[in-house]
Amino acid sequence: MSDAAQQAASAAQALQEAATAAGRAPSVHNTQPWRWVSVPQALELWADRSRQLHVADPDGRLLTISCGAALQHACLALRAAGWEPAVHRLPDPAHPNLLAQVTVTGHHNPAAQERRLMQATEQRHTDRRPSAEQAPPAQSIELIRQAAVAEGANLHPLSGDGLDDLAVAAARANEIGLADPDQREEMGYWIGGRRAAWTGVPDDVVPEREPHTDVPGRDFGRRGTLAVGEGHSRADVYMILFMPGDGPKDWLRAGEALSACWLKATDLGIAVLPLSSVVEVPATREVLHRMLAGVGQPMLVLRFGMADPDQPPIAQTPRLPGERVVREGRFPKP
Ligand SMILES: Cc1cc2nc3c(=O)[nH]c(=O)nc-3n(C[C@H](O)[C@H](O)[C@H](O)COP(=O)(O)O)c2cc1C
């Protein structure tokens, strides 16, 4: 095999491995709504609408944010493996489910920080328990914000009245969601049980009762088995992840930013909980929009808190096996 052919073969293999590594990315209700297609010298990221929350997320905002998180994981995996990725977002207007094309443009000398963030992909998880009483250091929060900014997003911190308004909005969004029988049925499909089919949120990461927090987390409409203790997190930092616009490209970039700032937080020992029901319900999304006072469009609310050292480690949620998510050829068009 010529040098060029050998180089092309190892780049193709790196792309496939990156797609598999991206499986660890977070997604709404652990739906993992992405599919990767390996085509000559490129990797395509497709939205899998069969895994969309059609009731809670009819526009596909959270689906696309989830796919963006997988895209950021894949690019990080390429850099950590010594390849420079290039991403073409929403490359084909005729196929809106084709979210991105990833190619490699050459070799990359991985920085120590990239290797650490790659390790963080294995440790990152969603923690719905109250955090420790101690506040996350302001300097760490700034580094997390910078990680979001580097991906074209930003984080807006909430305090005082803003935090009170968020608490009211989150409770209202929970009520509206649970009052809708279609939404309850959809949540029932994805949440709870032992999740033998590699997707969804198993009982062991769903709180056994409502945790004591300033802002209510998502009410899944069922109790799990996750012990939450008596602690009350009062020192958490809540921030709105926002973008300049509210279209599919913004959602994809928001997902990349979510992933980048979550991995940075993991590396800094800070636990993250996304709150998306406030974004799903149009009326509460508008409350967030007003809080941003014209600077951008809300994508998600994120809670940052110091992981409580007295709590046991949390279980990892399941993932689809690589061969179900990465394939060669073309994705079946809808
Ligand atoms: C776009 C998005 C929205 C999410 N919204 C919520 C939420 O409202 N409440 C919650 O408890 N977890 C939420 N999560 C966390 C997912 O449930 C979690 O990522 C998924 O179950 C996989 O588990 P892991 O993060 O521990 O790997 C969200 C994640 C993403 C990416």
Side-chain angles (χ1 to χ4, degrees), residues 21-34 47 51-53 56-57 59-73 120-131 153 166 169-171 173-174 176-178 183 186-187 189-193 195 198-207 210-211 213 215-222 224 226 228 238 240-241 243 250-263 265-266 271-281 284-285 288 298-303 305 307 313-320:
R24 284 296 336 146
S27 58
V28 63
H29 290 5
N30 199 19
T31 46
Q32 302 161 60
W34 49 75
R51 296 183 180 282
Q52 181 168 350
L53 303 177
D57 182 31
D59 301 332
R61 180 184 283 103
L62 298 176
L63 170 144
T64 312
I65 292 177
S66 303
C67 290
L71 178 60
Q72 195 273 347
H73 268 55
T121 64
E122 298 290 331
Q123 293 143 8
R124 188 211 55 78
H125 58 263
T126 303
D127 199 341
R128 300 177 177 89
R129 301 172 298 191
S131 345
L166 172 65
N174 277 337
I176 292 172
L178 286 177
Q183 188 151 168
E186 187 173 71
M187 264 205 289
Y189 179 82
W190 290 103
I191 311 295
R195 314 305 312 179
W198 305 301
T199 57
V201 183
D203 272 338
D204 55 2
V205 297
V206 175
E210 199 180 325
T213 53
V215 176
R218 183 189 282 272
D219 186 340
F220 289 113
R222 65 175 284 145
L226 176 67
V228 293
Y238 289 86
I240 304 175
L241 176 72
M243 292 296 299
D250 298 289
W251 305 340
L252 192 66
R253 289 298 276 149
E256 294 177 70
L258 168 69
S259 176
C261 71
W262 200 336
L263 293 175
T266 303
V272 178
L273 176 65
L275 303 177
S276 56
S277 39
V278 264
V279 175
E280 288 157 26
V281 174
T284 53
R285 186 165 73 243
L288 298 180
M299 298 287 127
L300 275 181
V301 172
L302 300 177
R303 183 187 91 182
I314 207 157
Q316 283 213 327
T317 47
R319 288 296 187 276
L320 288 159

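Residues take their numbers from the sequence shown, with the count starting at 1. The figures that follow rest on heavy atoms only: side chains count, while hydrogens, waters and symmetry mates do not. Counting starts at 1 for both ligands and their atoms, in listed order.
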Notebook entry, point to check: What's the shortest distance from atom 17 (O) of ligand 1 to any protein heavy atom, and which residue and atom give it?
Noted result: Arg128 NH2, 3.0 Å

Next item on the list: Answer with side chain, backbone, both or neither: which part of Asn30 has a heavy atom less than 4.0 angstrom from an atom of ligand 1?
Entry: both

Notebook entry, point to check: Under 4.0 Å from ligand 1, counting heavy atoms only, is it the side chain of Leu273, its backbone, both or neither?
Noted result: side chain

Next item on the list: For the pair Arg128 (side chain) and Val205 (backbone), establish whether a donor and an acceptor sit closer than 3.5 Å, ignoring hydrogens and angles.
Entry: yes

Next item on the list: Classify the contact between Thr126 and ligand 1 as side chain, backbone, both or neither, using a heavy-atom distance cut-off of under 4.0 Å.
Entry: both

Next item on the list: Please work out whether any backbone atom (N, CA, C, O) or any side-chain heavy atom from C-beta onward of Gln316 is under 4.0 Å from ligand 1, and answer side chain, backbone, both or neither.
Entry: neither

Item checked: Listed partners of Arg319 passing salt bridge (Lys or Arg N to Asp or Glu O under 4.0 Å), at least two apart -> none

Notebook entry, point to check: Counting only heavy atoms not in Gln123, do more than 12 sit closer than 6.0 Å to its CD atom?
Noted result: yes

Next item on the list: Look only at interatomic distance and state if Ser66 has a nitrogen or oxygen under 3.5 Å from any nitrogen or oxygen of ligand 1.
Entry: no

Item checked: Per-atom contacts, ligand 1 versus Ser276 - under 4.0 Å to a heavy atom -> 3 (C), 4 (C), 5 (N), 6 (C), 7 (C), 8 (O)

Check: Taking the side chain from Asn174 and the backbone from Gly217, do they hold a donor-acceptor pair closer than 3.5 Å?
Finding: yes

Margin query: If we ignore hydrogens and angles and just use 3.5 Å, is the side chain of Glu280 paired with the main-chain N or O of Gly177 as donor and acceptor?
Written below: no

Notebook entry, point to check: Should you measure from each heavy atom of Leu258, which atoms of ligand 1 turn up under 4.0 Å away?
Noted result: 31 (C)

Note to self: Show the atoms of ligand 1 that are less than 4.0 angstrom away from any heavy atom in Arg124.
What the structure shows: 24 (P), 25 (O), 27 (O)

Next item on the list: Using a strict cut-off of 4.0 Å, indicate which atoms of ligand 1 neighbour a heavy atom of Val201.
Entry: 21 (O)

Item checked: ligand 1-proximal atoms of Val205, by part, heavy-atom distance under 4.0 Å -> neither

Notebook entry, point to check: Under the 3.5 angstrom rule, does the side chain of Arg124 hit a backbone N or O of Arg24 as a donor-acceptor pair?
Noted result: yes

Check: What about Pro274: any of its N or O atoms under 3.5 Å from an N or O on ligand 1?
Finding: yes

Next item on the list: Have a look at ligand 1 and work out which part of Trp190, if any, has a heavy atom under 4.0 Å from it: side chain, backbone, both or neither.
Entry: neither

Notebook entry, point to check: Do the side chains of Asp57 and His29 get nearer than 4.5 Å, heavy atoms only?
Noted result: no

Check: Relative to ligand 1, is Ser27 under 4.0 angstrom through side chain, backbone, both or neither, heavy atoms considered?
Finding: backbone

Check: Is a side-chain donor or acceptor of Ser66 paired with a backbone partner of Leu62 at a separation under 3.5 angstrom?
Finding: yes

Checklist line | Contact atoms of ligand 1, heavy-atom distance to Leu275 under 4.0 Å | finding: 8 (O)

Next item on the list: Please answer whether the main-chain N or O of Leu226 pairs with a side-chain N or O of Asp204 as donor and acceptor at a distance below 3.5 Å.
Entry: no

Note to self: The criterion is salt bridge (Lys or Arg N to Asp or Glu O under 4.0 Å); which residues satisfy it with Asp219, sequence neighbours excluded?
What the structure shows: none

Notebook entry, point to check: Between Arg218 and ligand 1, is there a nitrogen or oxygen pair with a distance under 3.5 Å?
Noted result: yes

Note to self: Does the residue Arg61 have a heavy-atom contact with ligand 1, meaning some pair of atoms that are separated by less than 4.0 Å?
What the structure shows: no

Notebook entry, point to check: Closest approach of Pro202 and Thr317, non-hydrogen atoms and distance?
Noted result: CD-CG2, 3.9 Å

Next item on the list: Considering the heavy atoms of Thr317, write down every atom of ligand 1 situated less than 4.0 Å from one of them.
Entry: 22 (C), 23 (O), 24 (P), 26 (O), 27 (O)

Checklist line | Location of contacts on Arg303 toward ligand 1, heavy atoms closer than 4.0 Å | finding: neither

Notebook entry, point to check: Going from OH on Tyr189 to OG1 on Thr31, what distance comes out if it is rounded to the nearest 0.5 angstrom?
Noted result: 11.0 Å

Check: What atoms in ligand 1 come closer than 4.0 Å to a heavy atom of Ile65?
Finding: 1 (C)

